Every structure is written in structure tokens, then in C-alpha cells.
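Predicted model, so just to flag it, every value in this text is computed and none were measured.
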Amino acid sequence: MTIEQIRMMVLAHDGPVNRLERDFENVAEFLRDDPLSAQRRLLLANPPFTPPAVAIVNTIVTMTTTSRRRPAWAAILTAIARQGPIAVAEDFILQADRQLATSCESHALAWAFRGTFIRYPDVFLGDAKEVLERFMLSRMR
């Protein structure tokens, strides 16, 4: 698959548009009230991925072209359509850290995702960081 095919798969998936806030710029503008659904507005606008999402999808495209384990990649691609690339990469890292018996390919993918989050530190677990920062600021007052 190509980055463009994966992007279209994510855009076409029928799910809440706000799940893609970190994967596409200005997702909030697609959530306004009018006759078109947020999903249809998103498809018509056809926005590009954010740079961290492009890096994650590019990693997946690169690794799938060299992999022999097609069923595992199909599950990852399905998850990306449902959740978005950034959320899937976060989940993958957290799960890979817990599982000692993962394949070399899974470890390589987890490390590639970590590299993306090192380049874009504000993206990794951004929602959790936001909640924790608010808590810490309120404790310091």
C-alpha cells in the first residue's frame, strides 16, 4: 500500500472525525453543524496527514513492502483506519513494551515509531500530558 491509499482508507472509515485530531490539521472545522456530515466534509476536503502521521504511515509502508507476515499488517492497517496512525503507533509501543515474546519485526516497528515520537515529542501521549500538566499546575498554586 502507499501513503495515499492509507490516507484515503483513514478518511473513508466511518467513525467519529475527532479521532483524527492529531493525524490531520484543523479537524475541528469539520465538526460544525450543517447538512453535510463531518465525515463527508472531511472526505471532500481531502486534507493531508500531519508530519508525524506521515512519518508513521511511511514507516508502515516501508516495513510492509519487505514483510512476509501479511495478516499482521492487515490488522495494523485496519486499526489505523479505525483510530488513526498516531493512536495506533502509541498503542503499539505500549503493547510492545509489555510483551517480551514479540517478533523482531514488531520490535523494529516499535523502535521506528519511537523515533517518530522523538522527532515530534508533543504528539506522543499528548492527551495524557495535557491532563497531567493541568493537574500539576493546579497543585503548584
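- Under the 4.5 Å side-chain criterion, counting only non-hydrogen atoms from C-beta, Ile86 is in contact with Thr50.
- Under a hydrophobic-cluster definition in which Ile, Leu, Val, Met, Phe, Trp and Tyr are linked whenever side-chain heavy atoms come within less than 4.5 Å, directly or via other members, Trp111 and Ile60 are assigned to different clusters.
- You'll find the side chain of Asn58 reaches within 4.5 Å of the side chain of Ile3, heavy atoms only.
- Within a 6.0 Å sphere centred on CZ of Arg119, heavy atoms belonging to other residues, nucleotides or ligands number more than 12.
- Between Arg7 and Val57 there is no side-chain heavy-atom pair separated by less than 4.5 Å.
- Under 3.5 Å, the side chains of Gln83 and Asp91 contain a donor-acceptor pair of N or O atoms.
- Annotation: side chain of Phe24 is not in contact with side chain of Pro48 (no heavy-atom distance under 4.5 Å).
- Taking the side chain as every heavy atom from C-beta outward, Phe124 and Thr116 never approach each other to under 4.5 Å.
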Item to complete: Verify side chain to side chain contact (heavy atoms under 4.5 Å, CB included) between Val17 and Arg41, making sure each step is shown before the conclusion.
Response: CA-CA 10 Å; Val17 171; Arg41 277 192 297 280; over 6 Å; no

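- The closest side-chain heavy-atom distance from Arg19 to His13 is below 4.5 Å.
- Across all their heavy atoms, Val27 and Asn18 have their closest contact at CG1-CA, 4.1 Å.
- Residues Val123 and Pro52 approach most closely at CG2-CG, 3.6 Å, considering heavy atoms.
- Remark: Ile80 CD1 to Ile56 CD1 distance equals 8.0 Å, nearest 0.5 Å.
- Shown here for Thr59 and Ala112, the closest heavy-atom pair between the two residues is CG2-CB, 3.4 Å.
- Summarising the geometry of Ala110 relative to Ile93, their closest heavy-atom pair is O-CG1, 3.9 Å, with the distance given to 0.1 Å.
- The two residues Met63 and Leu109 come nearest to each other via the heavy atoms SD-CD1, 3.5 Å.
- The distance from atom CZ of Arg40 to atom CZ of Phe30, rounded to the nearest 0.5 Å, is 14.5 Å.
- Counting heavy atoms from C-beta outward, Gln5 and Thr2 have side chains that approach closer than 4.5 Å.
- In terms of heavy-atom proximity, Pro121 sits nearest to Ile118 at CD-O, 3.5 Å.
- Between the CD1 atom in Ile6 and the CG atom in Leu77 there is a gap of 5.0 Å [rounded to 0.5 Å].
- Classified by interplanar angle (parallel below 30°, tilted 30° to 60°, perpendicular above 60°), the ring pair Phe113/Phe92 is perpendicular.
- Look at Arg22 and Glu90 and you find a salt bridge, because one of the NZ, NE, NH1 or NH2 atoms lies within 4.0 Å of a carboxylate O, short of that distance.
- Atoms CG and CG, on Leu11 and Leu44 in that order, are 10.5 Å from each other to the nearest 0.5 Å.
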